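Here the structure comes first, spelled out in structure tokens, and everything after it is commentary.
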Amino acid sequence: MKLFNTLTRQKEEFKPLVPGQVSMYVCGPTVYNYIHIGNARSAIAFDTIRRYFEYKGYKVNYVSNFTDVDDKMINEARAEGTTVPELAERYIQAFLEDTRALNIEEATLHPRATHEIPAIIDFIQTLIDKGYAYEADGDVYYRAKKFADYGHLSDQNIDQLEEGASQHVNDEEQGRKEDPIDFALWKGQKAADEIAWDSPWGKGRPGWHIECSVMSTKYLGDTLDIHGGGQDLEFPHHENEIAQSEAKTGKKFVNYWLHNGFVTVGKDEEKMSKSLHNFVTVHDILKNVDPQVLRFFMASVQYRSQINYSKENLEQAANILGRFKNTLEGINYRLADATEGLPDPDLAKLVTETTAKFEAAMDDDFNVQNALTAIYEALPAVNSNANAEKADKESLRLFAKKLAAWLSVFGLDVDKLLAKEAGNDDAVIEELVAQRTEARKNKDWAKSDELRDQLKEMGVVLKDTPQGTRWSRE
RNA sequence: GGCGGUGUAGCCAAGUGGUAAGGCAGAGGUCUGCAAAACCUUAAUCGUCGGUUCGACUCCGAUCGCCGCCUCCA
């Protein structure tokens, strides 16, 4: 497998630290609101990657944190008149709900910053002891220039960073920092009502960057196989994580850095992009969009590419899903009927070849477009065979099984895709379908069409096949 | 100003120094009592201008546009 490593800006052969296993850390959300579509993108991108590793037989240890204390948390809690822990708890639950709806596998572990305070303090103390950090008036800062490789990941040079940083640092902070590019490891408590923990430097809370260094190394070891996150985290977040972790351990922190692309939302796409800079939450989207469609749409774009969230693109995804569904339904019906088919060498070969193409594409830095193309190209022959008098049941069965596995990598649950929504009017529908079959036998087309219209109003769509009439809910 | 990405048919999108995969939508057709589904057929010379080359969409240079990061952010 080849992965595009941000560290080297090229695709590299993946070599896990431990054969057959993958350790992954993915930066999770700050839980002060429902996750937005960008958070979902990241979660889906890395879930897809994780699932493909699992498809290949790797055991994946997937750790993803919740940032449950920081400025945004504090401000939001104040605004709502609640506490930071209450806010965190509420939105962690919402996160789990949303990601479950999107069929994102739950992380092996979801550590939270506030549950790791002692480890964070120890980590910071070590950095101070080693001369990489200094205390200043209740804050602790990381001495960025002390770390020789600072800026490597994002290809930034120190002088330019310094220039940029100096323009943004506020006076108060500036006074405490030795250098504008130094960043906070520990932030002293500012107001009495501000959540804080005791530390050697007084009451305060951890800075944002340190928590990820602490939690990733604590749970996955000094060196990880893969660390992921959005492109915006490259700098400064991941740059800082490297500086912190490597300064402490003296070892390489991460072998493969993976960064997912952004989601853009068109101005005139939907009403969703109200005010907050197209701040679209998954919670809101799922009120109108089938979670499977959203999931497939977002998983069907290579993780490094930008995604344009639009109604039209969602429709495209829904149409493709419909094709998969029809194919699987067709196969299932066929497998259920009594007609024994004949082995078809061409079809058997197609299944093998499609598997090879799918895997070759995914092995190439998760090229999902080409992986899907492999599937699309197999569909006509499969559908034809499933409709033919002499269906090759064995190959169809195998293809259906493979397709389920492939779609599962994309986070689609075939059973859910095919599930006829439980309705308590099944008996009524069956009865109407039977009446229509009777009418058709008598060539009473008027009656037949009338019944079909009636069913359509009930949300039921019919397909007349040589093997009989099939129905499904739309 | 610094760093990075991107520009291929209406839309999504792959790709290689040798003459443009695939999908969605659309159109036509087959099948069907009619439909639905399925199947078949069907569209672009690759932002622009130069250069290198026998030959470039693919390499180099310039230029225009779009996006992101450099400050909290997936």
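Just so you know, these numbers come straight off a predicted model, no measurement behind them.
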Write down the distance between [atom1] ([X]) and [atom2] ([N]), rounded to a whole number of angstrom.
| X | N | atom1 | atom2 | result |
| --- | --- | --- | --- | --- |
| A/Glu329 | B/A38 | CD | P | 11 Å |
| A/Phe235 | B/C72 | CZ | C1' | 13 Å |
| A/Gln369 | B/A21 | CD | P | 17 Å |
| A/Arg304 | B/A74 | CZ | C1' | 16 Å |
| A/Asp363 | B/A14 | CG | P | 18 Å |
| A/Asn308 | B/C12 | CG | C1' | 9 Å |
| A/Phe366 | B/A14 | CZ | C1' | 18 Å |
| A/Trp445 | B/A36 | CH2 | C1' | 15 Å |

Check if the side chain of [X] and the base of [N] share a donor-acceptor pair of N or O atoms closer than 3.5 Å.
| X | N | answer |
| --- | --- | --- |
| A/Asn370 | B/G15 | no |
| A/Gln316 | B/G23 | yes |
| A/His36 | B/A74 | yes |
| A/Ser448 | B/G33 | yes |

When the [atom1] atoms of [N] and [M] are considered, how many whole Å apart are they?
| N | M | atom1 | result |
| --- | --- | --- | --- |
| B/A44 | B/U52 | C1' | 27 Å |
| B/C3 | B/C11 | C1' | 32 Å |
| B/A27 | B/G10 | C1' | 13 Å |
| B/A21 | B/C66 | C1' | 26 Å |
| B/G17 | B/U58 | C1' | 6 Å |
| B/G15 | B/U45 | C1' | 14 Å |
| B/G47 | B/A56 | P | 15 Å |

Treating A/Ser42 as the side-chain partner and A/Asn39 as the backbone partner, does any N or O pair qualify as donor plus acceptor under 3.5 Å?
no

Looking only at side-chain atoms of [X], point me to the closest of [options].
| X | options | value |
| --- | --- | --- |
| A/Val263 | B/A14, B/C39, B/A74 | B/A74 |
| A/Lys463 | B/A74, B/C34, B/A36 | B/A36 |
| A/Asp464 | B/A37, B/A21, B/G33 | B/G33 |
| A/Gln156 | B/C67, B/C3, B/G10 | B/C3 |
| A/Asn326 | B/A38, B/C40, B/G10 | B/A38 |
| A/Arg436 | B/C34, B/A74, B/C39 | B/C34 |
| A/Ile320 | B/G22, B/G23, B/A74 | B/G23 |
| A/Lys72 | B/C72, B/G15, B/G33 | B/C72 |
| A/Asn319 | B/A25, B/G23, B/C69 | B/A25 |
| A/Leu161 | B/C67, B/G23, B/C70 | B/C70 |

Look at all strands and tell whether [X] reaches a base, only sugar-phosphate, or nothing, counting heavy atoms closer than 4.0 Å.
| X | answer |
| --- | --- |
| A/Asn387 | sugar-phosphate |
| A/Gly38 | base |
| A/Arg440 | base |
| A/Gly261 | base |
| A/Leu462 | base |
| A/Thr373 | base |

A/His238 vs A/His209, ring pair (Phe, Tyr, Trp, His ring centres under 6.0 Å): CA-CA, chis, key distance, verdict
CA-CA 8 Å; A/His238 290 162; A/His209 312 297; 9.4 Å; no

Complementary nucleotide of [N], counting Watson-Crick and G-U pairs under 3.5 Å:
| N | result |
| --- | --- |
| B/C57 | none |
| B/U32 | none |
| B/U71 | none |
| B/G65 | B/U6 |
| B/A37 | none |

Looking at A/Asn367, does any N or O in its side chain come under 4.0 Å of the phosphate oxygens OP1/OP2 on B/G15?
yes

Does A/Arg323 make a side-chain N or O approach to OP1 or OP2 of B/C39 shorter than 4.0 Å?
yes

Do A/Met24 and A/Leu258 pass the side-chain contact (heavy atoms from CB on, under 4.5 Å) test, and can you show the C-alpha distance, the side-chain angles, and the key distance before you say yes or no?
CA-CA 10 Å; A/Met24 271 179 96; A/Leu258 270 45; 5.7 Å; no

With nearest nucleotides of RNA chain B determined for A/Leu372 and A/Ser384 from heavy-atom distances, which residue corresponds to the more 5′ nucleotide?
A/Leu372

Between A/Arg452 and A/Asn39, which residue's closest nucleotide on RNA chain B lies nearer the 5′ terminus?
A/Arg452

Gap between atom CD1 of A/Ile104 and atom CZ of A/Phe95 - 0.5 Å precision:
6.5 Å

d(A/Ile375 CD1, A/Thr354 OG1) to nearest 0.5 Å is 8.5 Å

For residues [X] and [Y], determine if any side-chain heavy atom of one lies less than 4.5 Å from a side-chain heavy atom of the other.
| X | Y | value |
| --- | --- | --- |
| A/Phe410 | A/Arg51 | no |
| A/Thr355 | A/Lys402 | yes |
| A/Phe296 | A/Phe324 | yes |
| A/Val254 | A/Ile226 | no |

